[in-house]
Amino acid sequence: MEVSNLSGATPGIAFTQGLDSCSESPNSGRDVGYTPGGLILPSREPPFSIFTVLVVTLLVLLIAATFLWNLLVLVTILRVRTFHRVPHNLVASTAVSDVLVAALVMPLSLVSELSAGRRWQLGRSLCHVWISFDVLCCTASIWNVAAIALDRYWTITRHLQYTLRTRRRASALMIGITWALSALIALAPLLFGWGEAYDARLQRCQVSQEPSYAVFSTCGAFYLPLAVVLFVYWKIYKAAKFRFGRRRRAVVPLPATKQAKEEPQEAEMVFTARCRATVTFQTSGDSWREQKEKRAAMMVGILIGVFVLCWIPFFLTELISPLCACSLPPIWKSIFLWLGYSNSFFNPLIYTAFNKNYNNAFKSLFSKQR
């Protein structure tokens, strides 16, 4: 989501530090600089610093990697038939929102960063389109993380009642609610006149700074899903700990040696073979399921942790700034904004790193292309 600058036009690029302030002469049209003695000397617009070039290069790489990685996940889900089910449809919904963030939101945000004073020079209509997609895609990405956490919670705690058909219906309902709620939050200023995104006088394009809309949008886009995912993961942790502890207590060693001695030699061999086969099968089955649930719980925990670290600085600023009429320095606003955008890059990395099926699908996809 686009961050707001309430302090007016800021000279220079948001990522450039240490630029000297200049004023423009109305007669000559040239930039002038002031010496400590008060003399006016002609000056030039300073070029991009090495720091600015490095930061811009890093952001371009972030945009490209976010787009390509999420697109790869989408192509894999569409081409592999075993992925045409829950929970991969939730992963696909997350990838769609993150692809749109990389394709429509982040490039225009970078253009805004590179303009002097973060001025918007692309017109009012494009400003409204950009802000709407910004809020829509980022909110959908956040709520999709909450949907994945809910699906994992119900799978662990209600694995008997949460059948495949129920899971399919629940996931479709969560995807529909996610995009409907995101569209409502994004289009509310345009539909209900809830503030204005474009300021023609200041050439500013930003999310509506109406205090009531700031509370509504930040709570609906972040604080409510944050409460959901934190509560869900706490319940997942408790349920997983209880189930794993109960399984360990249920394991009782069999007195195989004593029973085998009472039987003849031939019966002993048959009994031992059957006993070992049965015990080995049950132990390996329980161990496989336990490892699978632990891996899934760990994936959800890392997904939620990265989500919180990426977005909470930005949304704290977005909520506090309109209410107190205060503003952070532009450099910090830019850092918080792009830290939030980077969550769209980390999402596919996390949920593919903990699923070997994706790794195998990637290998087979590239091997077929060769």
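All heavy atoms count here, side chains included; hydrogens, waters and symmetry mates do not.
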Pair Gln121-Ser115, side-chain donor/acceptor within less than 3.5 Å: no

Single-linkage hydrophobic cluster [X]~[Y], side-chain heavy atoms < 4.5 angstrom:
X: Val75; Y: Leu349; result: yes
X: Leu110; Y: Leu339; result: no
X: Leu58; Y: Val105; result: no
X: Ile335; Y: Val111; result: no
X: Val308; Y: Ile302; result: yes

Contacts of type disulfide bond (SG atoms under 2.5 Å apart), residue Cys137, not counting sequence neighbours: none

Chi angles and distances behind the side chain to side chain donor-acceptor pair (under 3.5 Å) call for Asn89, Ser171: CA-CA 8 Å; Asn89 56 350; Ser171 64; 2.9 Å; yes

If you define the side chain from C-beta out and look only at heavy atoms, does anything of [X] sit under 4.5 Å from [Y]?
X: Glu113; Y: Leu337; result: yes
X: Cys219; Y: Leu224; result: no
X: Tyr223; Y: Leu316; result: yes
X: Ser97; Y: Trp143; result: no
X: Phe51; Y: Val55; result: yes
X: Phe222; Y: Glu318; result: no
X: Leu181; Y: Thr139; result: no
X: Leu122; Y: Trp130; result: no

Rounded to the nearest 0.5 Å, how far apart are [atom1] of [X] and [atom2] of [Y]?
X: Leu108; Y: Ile131; atom1: CG; atom2: CD1; answer: 9.5 Å
X: Trp311; Y: Ile142; atom1: CH2; atom2: CD1; answer: 5.0 Å
X: Ile63; Y: Tyr341; atom1: CD1; atom2: OH; answer: 9.5 Å
X: Leu187; Y: Leu136; atom1: CG; atom2: CG; answer: 7.0 Å
X: Ile148; Y: Ile350; atom1: CD1; atom2: CD1; answer: 10.0 Å
X: Ile185; Y: Ser217; atom1: CD1; atom2: OG; answer: 7.0 Å

Donor-acceptor pair, [X] side chain versus [Y] backbone, under 3.5 Å?
X: Ser321; Y: Thr317; value: yes
X: Tyr213; Y: Val207; value: no
X: Ser342; Y: Phe345; value: no
X: Asp151; Y: Ala147; value: no
X: Thr166; Y: Tyr162; value: no

Search all heavy atoms of [X] against all heavy atoms of [Y] and return the closest pair with its distance.
X: Arg79; Y: His84; answer: N-NE2, 4.5 Å
X: Gly220; Y: Pro225; answer: O-CD, 3.8 Å
X: Ala149; Y: Val229; answer: CB-CG1, 4.4 Å
X: Asn70; Y: Ser344; answer: ND2-O, 3.1 Å
X: Leu90; Y: Met174; answer: CD1-CE, 4.3 Å
X: Asn144; Y: Ser93; answer: OD1-OG, 2.9 Å

Trp234 and Phe231 aromatic ring geometry - parallel, tilted or perpendicular at 30°/60° bounds: tilted

Leu68 vs Leu72, side-chain contact (heavy atoms from CB on, under 4.5 Å): CA-CA, chis, key distance, verdict: CA-CA 6 Å; Leu68 294 176; Leu72 177 62; over 6 Å; no

Co-members of the apolar cluster containing Leu61 [side chain, <4.5 Å]: none

Other cluster members, Leu173 - Ile/Leu/Val/Met/Phe/Trp/Tyr, side-chain contacts below 4.5 Å: Ile177

Phe133 CZ: over 12 foreign heavy atoms closer than 6.0 Å: no

Qualifying residues under ring pair (Phe, Tyr, Trp, His ring centres under 6.0 Å), relative to Phe362, sequence neighbours excluded: Trp69

Residues in ring pair (Phe, Tyr, Trp, His ring centres under 6.0 Å) contact with Trp179, at least two apart in sequence or another chain: none

Chi angles and distances behind the side-chain contact (heavy atoms from CB on, under 4.5 Å) call for Met106, Leu62: CA-CA 9 Å; Met106 296 170 73; Leu62 176 64; 3.9 Å; yes

side-chain contact (heavy atoms from CB on, under 4.5 Å) evaluation trace for Asn357 with Thr82: CA-CA 9 Å; Asn357 294 330; Thr82 56; over 6 Å; no

Ring center gap for Phe83 and Tyr358 short of 6.0 angstrom: yes

Using residues 193-200 as the side-chain source, report each donor-acceptor pair under 3.5 Å to any protein atom, sequence neighbours left out, with the distance given to one decimal.
from, atom 1, to, atom 2, distance (Å)
Trp194, NE1, Ser212, OG, 2.7
Glu196, OE1, Arg124, NH2, 3.4
Glu196, OE2, His128, NE2, 2.7
Glu196, OE2, Tyr198, N, 3.1
Asp199, OD1, Arg201, N, 3.1
Asp199, OD1, Leu202, N, 3.4

side-chain contact (heavy atoms from CB on, under 4.5 Å) between Lys235 and Thr157, intermediate numbers included: CA-CA 9 Å; Lys235 298 291 286 185; Thr157 60; 5.7 Å; no

